[in-house]
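Quick notes on the structure that follows.
No hydrogens, no waters, no symmetry mates; every other heavy atom, side chains included, goes into these values. Order of the sequence lines sets the chain letters (A, B, ...), proteins ahead of strands, with each chain counted from 1.
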Amino acid sequence: MLSSATALPELSDPRVSALWSHARSLVGARLGDIADGLGLPVPVGNTRTKGWSGQIIERELGGTEETTHGPDFAALGIELKTVPVDRLLRPVESTAVCVIDPISIAAESWSTSHVRKKLARVLWVALKVPGRGPGFSVGDREVAGAALWTPCASEESLLASDFEMFVHEYFRKGRAAEITGHLGQVLQVRPKAANNRDSRRAFNNQGESVRVGKSGFYLRPAFVGAILRASL
DNA sequence: GATTGATCATAC
DNA sequence: GTATGATCAATC
């Protein structure tokens, strides 16, 4: 089991280097071709495709024995994130990190947070998107690069600052309902739910039990873009 | 055109 | 329903 006191596996761990090599070998490949190699169908027509890109890369890198969910490559402490980018490696979407429990997060600090653990080591796989909407297929997205990232001191400082702001100013004050996507320099709190009636238990500023929209942490596109440009 | 709030797909 | 993977689309 991983705990906050457990160090990340060494980068020299054979399993880490194998995963890294595998990811690098995908650069230039079309998602459609990767899916074909896995024997998986490529969505066609007006079929919705949310999540498909990430699933394909996860299954490709996970190998044939991958059967369970949970933290990506948990044994290696690695979180896999695919991110759609334009031709200049600029993310065209924000990156979801994890959902938030409005009650338990009030007791967290950055150093002990679930978010920090999730972001401690991320394998970014950038996917070049030729276009979206009718006329474009997710199968035509191409792996533009892969980066194994651990936040540097300045990046962690930005993340910690935003995190503590959300916790101190909002969650601990029972003001979770007042949070909007405008807050946070690099980390946002935005809805992350099936729909806007999907809620979670919380407390208001009177200490009364209320429900607030289910939300999660997201990384802003500019922040992820800087990571990719520095790594690819 | 970029951003925020809303929503979708799949597996358990 | 919950969790994990994200993208859609109305609004700024």
Could you check how far [atom1] of [X] sits from [atom2] of [N], rounded to whole Å?
X	N	atom1	atom2	result
A:E58	B:dA11	CD	P	12 Å
A:L219	B:dT3	CG	P	14 Å
A:D86	B:dT3	CG	P	12 Å
A:L187	B:dT4	CG	P	13 Å
A:N195	B:dC8	CG	P	8 Å

- Item | Transitive ILVMFWY cluster of A:I103, excluding itself - 4.5 Å side-chain cut-off |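 Reading the cluster by chain and number, A:I103 sits alongside A:F203.
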
- Message: If I take atom CG from residue A:L119 and atom SG from residue A:C98, how far apart are they, to the nearest 0.5 angstrom?
- Response: 7.5 Å

- Could you state the interatomic distance from CH2 (A:W149) to CG (A:L123), rounded to the nearest 0.5 Å?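 Separation between the atoms: 12.5 Å.
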
- Task: Name all pairs fulfilling the ring-ring contact (aromatic ring centres under 6.0 Å, His included) condition that reach into residues 154-180 of chain A, sequence neighbours left out, sorted by first residue then second.
- Result: A:W110-A:F163, A:F163-A:F217

- Note on the structure: Residues pairing under ring-ring contact (aromatic ring centres under 6.0 Å, His included) where one sits in residues 29-49 of chain A, two or more places apart or in two chains, turn out to be none

Is there any protein nitrogen or oxygen under 3.5 Å from a nitrogen or oxygen in nucleotides 1-3 of chain C, and what are the pairs?
unit_1 : atom_1 : unit_2 : atom_2 : d
C:dA3  : OP2    : A:R200 : NH1    : 3.4

Considering only residues two or more places apart or on different chains, which pairs with a residue in [range] satisfy salt bridge (charged side-chain N to carboxylate O under 4.0 Å, His left out)?
range	answer
residues 213-232 of chain A	none
residues 11-32 of chain A	A:D13-A:R15, A:R30-A:D33, A:R30-A:D140
residues 144-156 of chain A	A:R116-A:E156
residues 173-191 of chain A	A:E169-A:K173, A:R175-A:E178

- Message: Strictly below 4.0 Å: does A:Q188 bring a side-chain N or O up to OP1 or OP2 of B:dT4?
- Response: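 Yes, such a contact exists.
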
- Message: Is A:N196 close enough to B:dT7 that one of its side-chain N or O atoms is under 4.0 Å from OP1 or OP2 there?
- Response: yes

- Task: Tell me, please, which residues at least two apart from A:E208 pass side-chain hydrogen bond (donor to acceptor under 3.5 Å, both in side chains).
- Result: A:N204

- How would you list, by chain and number, every residue that makes a side-chain hydrogen bond (donor to acceptor under 3.5 Å, both in side chains) with A:S161, sequence neighbours excluded? none

- Query: If the sugar-phosphate is the primed atoms plus P, OP1 and OP2 and the base is the rest, what is the B/S/- string for nucleotides 7-12 of chain C, using protein heavy atoms under 4.0 Å?
  - Reply: BBS---

- Item | A:K192 (side chain) and B:dG5 (base): donor-acceptor pair under 3.5 Å |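 No, the side chain and the base share no sub-3.5 Å donor-acceptor pair.
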
- Task: Have a look at the helix from B:dG1-C:dC12 to B:dC12-C:dG1 and give the angle its two end axes make, five pairs each, rounded to 10 degrees.
- Result: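 Comparing the axis at each end, I get an angle of 30°.
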
- 5'-most contact on DNA chain B: A:V92 or A:R197, nearest heavy atom basis? A:V92

